[in-house]
There are 2 protein chains.
Amino acid sequence: MRMSARSIHETLERLAALLRAETRRLGKPEGLQPVQIDALLYLDHCNRYSNTPQAVAEYLGSTKGTTSQTLKVLESKNLLAKAQDQRDRRVVRLHLTSKGRTLATTLANLPLLESALSQDSLDAESLGEELGGLLRALQRAGGFRTFGTCRTCRFLTPAEGGLLCGLTREALRLEETQQICREHEEPRD
Amino acid sequence: MRMSARSIHETLERLAALLRAETRRLGKPEGLQPVQIDALLYLDHCNRYSNTPQAVAEYLGSTKGTTSQTLKVLESKNLLAKAQDQRDRRVVRLHLTSKGRTLATTLANLPLLESALSQDSLDAESLGEELGGLLRALQRAGGFRTFGTCRTCRFLTPAEGGLLCGLTREALRLEETQQICREHEEPRD
DNA sequence: GTACAATGGTATCGAATCGATACTATCTAT
DNA sequence: ATAGATAGTATCGATTCGATACCATTGTAC
């Protein structure tokens, strides 16, 4: 039984539709759209190099203009605050408010997905591996940014007294290495 | 390394965003939105019990109203034709035009996905298994219709001279058993 | 050092999605 | 025959999204 690209395409589309509907359901009490929730979760999980409108746009696969509106909504709901970067004054830094952090934590786990993953027939471990592999393959095929964490980044370099980002030459706290980074790159074979 | 529900959630979201962007790109020359393409592909691949607006709505995880608009667009582009069902005159039957069939065939394979799946690091077989398993688990958890094919349906019954749908008691041609069915149900335990 | 391109971001417009609601038509159960 | 369920459409308002234009800041070429 050969597994065709079309059948995988179909399955992915069904998964995406279900996930989207569930996200919509979950965001409804807060008056949040799926895209707004995606942005919120990203900002809750990205590092200090990656909390800009541009990065959000790339992560969501959207344009700057659309993302700007999405962020405006989150700001108007007091879920995030904007601040001008001091080094590069074109750049806006996005920080979740405590209300935003709380909401992100709530929205991060989808009940539907939780209960699906807890079923005996599923091995979350190998599922995660396969999904991750597909994502990396797609990103490689399309030349997109990978948005991974330091753990799998080719720039991560051990130094005396801790870890270092080889790109910025800055020291990284341990928690930071588990956050999503816009500059993440896979090791070269 | 425990694989958390959140990280799977995140990966799925990224996959969905990439797929959606790619579908958008692909549909642009035709002036079709992603949802319209999804509906087109569904109608190209569903059986005669499942080609109604209601079924499309359930498949896409959307509402009747929204789906009605989606279908209106496809109709105005001469990609599908509506016909009243003669048995139940509330029901509208949707049939792709030859133009619609052709376009569906074109849009069914995403270049990005094809090239990702062809990479050595990926085993399309086990990926398909894992994805299918996750989809079934989600459908079970949420009580959604499964939209599978006869091959995995508990209603499929062998009869003299061919196959039979145990629900409608009608004979099925072999090709039909490979199409998506709205009445599909997984075997009980 | 001054022009000029590149980059980050916002504003605005029009087309489309989407949920909600209300409505019509048809079928089914009693 | 009547009530209720079901299939579908129409319409409204909020939001998404791409496209375009625009502004501010930074980087680069000369």
Side-chain angles (χ1 to χ4, degrees), chain A residues 16-17 20-40 49-77 80-94 145 182-183, chain B residues 16-17 20-40 49-77 80-94 145 182-183:
Chain A
R20 197 170 188 75
E22 173 75 353
T23 303
R24 197 179 291 282
R25 201 179 63 74
L26 212 62
K28 197 175 158 190
E30 313 291 338
L32 288 179
Q33 302 290 325
V35 192
Q36 297 162 357
I37 294 181
D38 290 348
L40 187 72
Y49 303 133
S50 316
N51 60 347
T52 70
Q54 178 70 31
V56 177
E58 287 167 358
Y59 184 84
L60 297 180
S62 185
T63 61
K64 289 186 303 179
T66 300
T67 303
S68 186
Q69 295 176 65
T70 300
L71 296 173
K72 214 163 52 176
V73 173
L74 292 180
E75 192 183 17
S76 76
K77 290 182 188 291
L80 73 80
K82 296 179 181 174
Q84 201 177 33
D85 187 296
Q86 288 313 310
R87 299 237 189 108
D88 185 338
R89 297 174 55 211
R90 292 170 302 184
V91 173
V92 169
R93 293 289 163 184
L94 305 166
R145 288 181 188 275
R182 182 193 180 192
E183 308 293 349
Chain B
R20 197 172 189 73
E22 173 76 354
T23 304
R24 195 178 293 281
R25 201 180 62 76
L26 212 62
K28 199 174 156 188
E30 313 290 338
L32 288 179
Q33 301 291 325
V35 192
Q36 296 162 359
I37 294 180
D38 291 348
L40 187 73
Y49 304 131
S50 316
N51 60 345
T52 69
Q54 178 69 32
V56 177
E58 287 166 358
Y59 184 82
L60 298 180
S62 185
T63 62
K64 289 187 304 179
T66 301
T67 304
S68 186
Q69 295 176 66
T70 301
L71 296 173
K72 214 162 55 176
V73 173
L74 292 180
E75 192 183 16
S76 77
K77 289 181 187 292
L80 73 80
K82 296 179 182 174
Q84 201 176 31
D85 186 296
Q86 288 314 309
R87 299 236 189 107
D88 185 339
R89 297 175 54 213
R90 292 171 302 184
V91 174
V92 168
R93 294 290 163 184
L94 305 166
R145 288 182 188 275
R182 181 193 179 191
E183 308 293 349

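Each chain gets a letter, A, B and so on, in the order its sequence line appears, and its residues count up from 1. Just the heavy atoms: all of them, side chains too, but no hydrogens, waters or symmetry mates, feed the values below.
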Selected nucleotide, minimal atom distance to A:Pro53 side chain, candidates C:dT10, D:dA7, D:dT9 | C:dT10
Nearest-0.5 Å distance, CG of residue B:Leu94 to CD of residue B:Gln54 | 11.5 Å
Return the value, rounded to whole Å, for the distance between atom CZ of B:Arg93 and atom C1' of D:dA7.
-> 11 Å
Toward the 5' end of DNA chain D, by each residue's nearest nucleotide, A:Gln86 or A:Gly65 | A:Gly65
Quick check: does any side chain N or O of B:Ser68 sit under 3.5 Å from a backbone N or O of B:Lys64, one acting as donor and the other as acceptor?
-> no
Please state whether the phosphate of D:dT16, meaning OP1 or OP2, lies under 4.0 angstrom from any side-chain nitrogen or oxygen of A:Gln36.
-> yes
Send over the distance from B:Glu30 CD to C:dA16 P, rounded to a whole Å.
-> 15 Å
Below 4.0 Å: OP1/OP2 of D:dT15 and any side-chain N or O of A:Lys72 | no
Could you check which of C:dC18, D:dG8, D:dG18 has an atom nearest any side-chain atom of B:Arg20?
-> C:dC18
Relative to the 5' end of DNA chain D, which residue comes earlier, A:Arg87 or B:Lys82, by the nucleotide with the nearest heavy atom?
-> B:Lys82
Could you tell me whether the phosphate oxygens of C:dG9, OP1 or OP2, come under 4.0 Å of any side-chain nitrogen or oxygen in A:Ser68?
-> no
Could you give the CD-to-P distance, from B:Glu58 to D:dT6, as a whole number of Å?
-> 11 Å
Write down the distance between CG (B:Leu71) and P (C:dT17), rounded to a whole number of angstrom.
-> 11 Å
How long is the line joining CG of A:Leu60 and P of D:dG18, in whole Å?
-> 11 Å
May I have the distance from A:Asp88 (atom CG) to C:dG9 (atom P), rounded to whole angstrom?
-> 9 Å
Think B:Thr66 has a side-chain N or O under 4.0 angstrom from the OP1 or OP2 of C:dG19?
-> yes
Under 4.0 Å between any heavy atoms, over every strand shown, what does A:Arg25 touch: base, sugar-phosphate, or nothing? Just pick one.
-> nothing
Options C:dT17, D:dC17, C:dT7, nucleotide nearest the side-chain atoms of B:Arg24 | D:dC17
Between C:dG19, C:dG9, C:dT7, which one does the side chain of A:Arg90 approach most closely?
-> C:dT7
Could you check how far CD of B:Glu22 sits from P of D:dG18, rounded to whole Å?
-> 14 Å
Quick one: label A:Thr67 by what it contacts on the DNA or RNA (base, sugar-phosphate, nothing), any heavy atom closer than 4.0 Å.
-> nothing
Are A:Thr52 and C:dG8 close enough that a side-chain N or O sits under 4.0 Å from OP1 or OP2?
-> no
So, does A:Ser76 use its side chain to make a donor-acceptor pair with the main chain of A:Val73 at under 3.5 Å?
-> yes
Any side-chain N or O of A:Thr63 under 4.0 Å from OP1/OP2 of D:dC17?
-> no
For B:Val73 and for A:Lys64, locate the closest nucleotide of DNA chain C by heavy-atom distance; then report the residue assigned to the nucleotide nearer the 5' terminus.
-> A:Lys64
Can B:Asp88 and B:Arg90 be counted as an ion pair, charged N to O under 4.0 angstrom?
-> yes
Within the structure shown, what part of the strands sits under 4.0 Å from A:Gln69 by heavy-atom distance: base, sugar-phosphate, or nothing?
-> base
Should B:Lys28 be listed as having a side-chain N or O under 4.0 Å from OP1 or OP2 of D:dA19?
-> yes
Contact check, side chains of A:Thr70 and A:Val56, non-hydrogen atoms, under 4.5 Å = no
Do A:Arg89 and D:dT25 have a side chain to base donor-acceptor pair shorter than 3.5 Å?
-> no
If you count the non-hydrogen atoms of other residues, nucleotides and ligands that lie under 6.0 Å from NZ in A:Lys28, is the total more than 12?
-> no
Over how many whole Å does the gap from B:Gln33 atom CD to D:dG18 atom P extend?
-> 9 Å
